[in-house]
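Below is one structure, written out as structure tokens; comments come after it.
Atom set for the values below is all heavy atoms of this structure, side chains included, hydrogens, waters and symmetry mates excluded. The shown structure was predicted, so the numbers you read here are calculated from the model rather than taken from an experiment.
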Amino acid sequence: MTKYLISFLSGAMDIPDGGLQAVADAAHAVVQEAKDAGVWVFGGGIDESVPPVMVDGDGTVSQGTYPQTAQIEGGYTVLELPTYEAALHWAAKIAAACRCAQEVRAFQYDPAS
């Protein structure tokens, strides 16, 4: 089985006025469905109020990120699935719940994970 990262940018969500609770309820329902199906690994949103930092091997901490990742934000879900097609199926469910398209990426196989 392969682990898939399904994600979206927070700014991509199209939430009508007063509709945040409905989106949250729909997203939580998909999460529960994934847990019930035994495919849930992890999920959550990036806390955008906490600034990112870089940590070197010697423990030195510096403000900022790699330039290409400066805008990482939004929601992330990791599911363990038998096929890429299954990942697309779950991404469609998440897209409907979150009201925005989802990006799908496969993790490389690691026998230790």
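- For the atom pair OG1 of T2 and OH of Y84, the computed distance is 12.0 Å after rounding to the nearest 0.5 Å.
- Here the CD-NE2 distance, from E33 to H28, works out to 14.5 Å after rounding to the nearest 0.5 Å.
- Residues I6 and F42 fall into different hydrophobic clusters, defined by Ile, Leu, Val, Met, Phe, Trp and Tyr side chains chained together at heavy-atom separations under 4.5 Å.
- Within the 3.5 Å criterion, the main-chain N or O of D58 finds no donor-acceptor partner in the side chain of D56.
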Check your understanding: For V41 and E80, what are the C-alpha separation, side-chain angles and deciding distance, and is it a side-chain contact (heavy atoms from CB on, under 4.5 Å)?
Key -> CA-CA 7 Å; V41 176; E80 190 165 30; 3.8 Å; yes
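- Counting heavy atoms of neighbouring residues, nucleotides and ligands inside a 6.0 Å radius, atom CD of Q68 exceeds 12 of them.
- From Y66, atom OH reaches atom CE of M54 across 4.0 Å, with rounding to the nearest 0.5 Å.
- Taking the side chain as every heavy atom from C-beta outward, W40 and Q32 never approach each other to under 4.5 Å.
- Side-chain atoms of S7 and Q102 include no donor-acceptor pair closer than 3.5 Å.
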**Study point:** Residues Y4, T77; criterion side-chain contact (heavy atoms from CB on, under 4.5 Å); working and verdict
**Key:** CA-CA 8 Å; Y4 292 90; T77 302; over 6 Å; no
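- The shortest distance between side-chain heavy atoms of E103 and F8 does not fall below 4.5 Å.
- With rounding to the nearest 0.5 angstrom, the CE atom of M13 is 7.0 Å from the CG atom of L20.
- Looking at heavy atoms from C-beta onward, L88 lies in side-chain contact with V104 at the 4.5 angstrom threshold.
- Hydrophobic cluster membership is shared by V39 and V31, with clusters built from Ile, Leu, Val, Met, Phe, Trp and Tyr side chains linked at under 4.5 angstrom.
- A distance of 11.0 Å separates NZ in K3 from CG in L79, rounded to the nearest 0.5 Å.
- The hydrophobic cluster containing L9, built from Ile/Leu/Val/Met/Phe/Trp/Tyr side-chain heavy atoms closer than 4.5 Å, comprises no other residue.
- Considering SG of C98 and CG of D14, their distance stands at 12.5 Å, rounded to 0.5 Å.
- Among all heavy-atom pairs drawn from E73 and S10, the shortest one is OE2-OG, 3.0 Å.
- Remark: side-chain polar atoms of H89 are not paired, donor with acceptor, to backbone N or O of E85 under 3.5 angstrom.
- Residues V55 and T60 are not in side-chain contact: their nearest non-hydrogen atoms beyond the backbone lie 4.5 Å or more apart.
- The shortest side-chain heavy-atom distance between I46 and Y76 falls under the 4.5 Å cut-off.
- Within the 3.5 Å criterion, the main-chain N or O of A97 finds a donor-acceptor partner in the side chain of R99.
- Closest approach of P51 and S49 over heavy atoms only: CD-O, 3.5 Å.
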